[in-house]
Amino acid sequence: KKISDVLQKSAPKPGVPADLQNLLTQHFGENRSVIEIEELKLSDSCFLPSNDLTHSFSSYLKEICPKWAKLRKNHKEKKSVVMLVICSSALRCLELIKSMTAFKGDCKVLKLFAKHIKIKEQMNMLEKGMFHIGVGTPGRVKALVEQDGLCLNSTKYMILDWNWRDQKLRRMMDIPEVLYKHLYILYSVYSLLLILVLRSWSVKFSFC
């Protein structure tokens with residue numbers, strides 16, 4: 001069935017934790033043991049309320065992150081961001097960066113996508129500067145994590161641009177090449193959660 005046919009019979013629904021959990025289970029289920037799959041499951045406390053499709057991006061961020069002013073003030077680590085926003089394309093990243101103006105204030109936002117921006121340039125900026133928000137595509141974020149250009153230890157919020165659809169009505173999770181790279185990032189974050197949980201480190205997932 002075409003995506004357009006499916007959408008005609010069902011109204012758009014916000015993403016929920018179960019969607020993400022099921023996606024990880026389906027993808028890694030054949031190559032992981034039962035115990036490893038069980039370890040990938042996170043409690044509902046790791047997820048923030050989803051965008052109910054009535055919020056603007058800025059108003060949604062204000063709702064899920066009411067202490068943002070304090071978080072950005074306390075952020076001192078380089079090569080890291082407090083909030084990581086994952087989108088399906090560079091153009092969508094630019095749209096969200098423009099739409100978060102009312103929320104971000106004077107904090108620094110870094111573009112984490114490949115279009116017209118070399119990865120070495122981004123790694124250099126992360127190493128020398130301090131950024132609060134990173135908005136990027138799964139492919140470039142994956143490459144930065146692999147090359148130790150981006151550290152996720154200080155990341156407190158991971159926002160998934162789950163509901164937005166492109167011209168072909170595809171969500172980020174409907175595009176195979178985007179999905180694979182996105183799952184890599186999620187698996188990296190999940191691994192960090194398991195390793196660093198004793199250090200009281202946590203990251204909150206949300207669906208915009």
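Please read these numbers as outputs of a predicted model, since none were measured by experiment. Basis for what follows: all heavy atoms, side chains included, without hydrogens, waters or symmetry-related copies.
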**Student:** Output all residues satisfying salt bridge (charged side-chain N to carboxylate O under 4.0 Å, His left out) with Lys104, sequence neighbours left out; order by chain, then residue number.
**Tutor:**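 Partners of Lys104 under the salt bridge (charged side-chain N to carboxylate O under 4.0 Å, His left out) test: none.
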**Student:** Working to the nearest 0.5 angstrom, can you tell me the gap between Cys65 SG and Lys156 NZ?
**Tutor:**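 Cys65 SG to Lys156 NZ: 11.5 Å, rounded to 0.5 Å.
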**Student:** Can you tell me how far apart CG (Asp161) and SG (Cys93) are? Round to the nearest 0.5 Å.
**Tutor:**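 Here the rounded value is 8.0 Å.
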**Student:** Hey, is the main chain of Val81 close enough, under 3.5 Å, to the side chain of Thr155 for a donor-acceptor pair?
**Tutor:**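 Yes, Thr155 side chain to Val81 backbone: donor-acceptor pair under 3.5 Å.
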**Student:** Could you see if Val141 belongs to whatever hydrophobic cluster contains Ile117? Use Ile, Leu, Val, Met, Phe, Trp, Tyr and a side-chain cutoff under 4.5 Å.
**Tutor:**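 No: no chain of side-chain contacts under 4.5 Å links Val141 to Ile117.
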**Student:** Going by side-chain hydrogen bond (donor to acceptor under 3.5 Å, both in side chains), name the pairs with one or both residues in residues 113-123, residues two or more places apart or in two chains.
**Tutor:**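 Every pair satisfying side-chain hydrogen bond (donor to acceptor under 3.5 Å, both in side chains) with a residue in residues 113-123: Gln122-Arg140.
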**Student:** Could you state whether Val85 and Val109 fall into the same hydrophobic cluster, counting links through intermediate Ile, Leu, Val, Met, Phe, Trp or Tyr residues with side-chain heavy atoms under 4.5 angstrom apart?
**Tutor:**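 Yes.
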**Student:** Apply side chain to side chain contact (heavy atoms under 4.5 Å, CB included) to the pair His75 and Ser80, showing each step before the final yes or no.
**Tutor:** CA-CA 9 Å; His75 179 58; Ser80 65; 3.2 Å; yes
**Student:** Phe57, Phe113: one ILVMFWY side-chain cluster at the under-4.5 Å cut-off?
**Tutor:**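 Hydrophobic grouping puts Phe57 apart from Phe113.
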**Student:** Any side-chain heavy atom of Leu61 within less than 4.5 Å of one from His55?
**Tutor:**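 They are not in contact (no side-chain heavy atoms under 4.5 Å apart), so the answer is no.
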**Student:** What closest approach, in Å, do Cys87 and Arg92 show between heavy atoms, and which atom pair accounts for it?
**Tutor:**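 Shortest heavy-atom contact: CB-CG, 3.9 Å.
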**Student:** Using modelled atom types only, decide if a donor and an acceptor are shared between the side chain of Ser58 and the backbone of Ser99 within a distance under 3.5 Å.
**Tutor:**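 A pair under 3.5 Å: yes.
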**Student:** Determine whether Met125 and Ile119 fall in the same hydrophobic cluster, where Ile, Leu, Val, Met, Phe, Trp and Tyr are linked whenever their side-chain heavy atoms lie under 4.5 Å apart.
**Tutor:**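 Hydrophobic grouping puts Met125 with Ile119.
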**Student:** Distance check, rounded to the nearest 0.5 Å: Ser89 atom OG versus Trp164 atom CH2?
**Tutor:**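 With rounding to 0.5 Å, OG (Ser89) is 4.5 Å from CH2 (Trp164).
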**Student:** Under 3.5 Å, is there a donor-acceptor pair between the side chain of Lys79 and the main chain of Asp148?
**Tutor:**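 Side chain of Lys79 to backbone of Asp148: a pair is present.
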**Student:** Let me have the donor-acceptor pairs involving side chains of residues 126-136, under 3.5 Å, with sequence neighbours excluded, atom names and distances please.
**Tutor:**
residue: His132; atom: ND1; partner: Lys108; partner atom: N; Å: 3.0
residue: His132; atom: NE2; partner: Arg72; partner atom: O; Å: 3.3

**Student:** Report yes or no: do Ile97 and Tyr157 belong to one cluster of Ile/Leu/Val/Met/Phe/Trp/Tyr joined by side chain heavy-atom distances under 4.5 Å?
**Tutor:**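 Same cluster.
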**Student:** Measure the shortest side-chain to side-chain distance between Thr137 and Leu112 over non-hydrogen atoms and say whether it is less than 4.5 angstrom.
**Tutor:**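 No, side chains not in contact.
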**Student:** Ile159 and side chain to side chain contact (heavy atoms under 4.5 Å, CB included): which partner among Leu48, Ile64, Leu84?
**Tutor:**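 By the side chain to side chain contact (heavy atoms under 4.5 Å, CB included) criterion, Ile159 pairs with just one of Leu48, Ile64, Leu84: Ile64.
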**Student:** Side-chain contact test, heavy atoms from C-beta onward, threshold under 4.5 Å: evaluate it for Trp68 versus Met83 and give yes or no.
**Tutor:**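 The answer is yes; the side chains approach within 4.5 Å.
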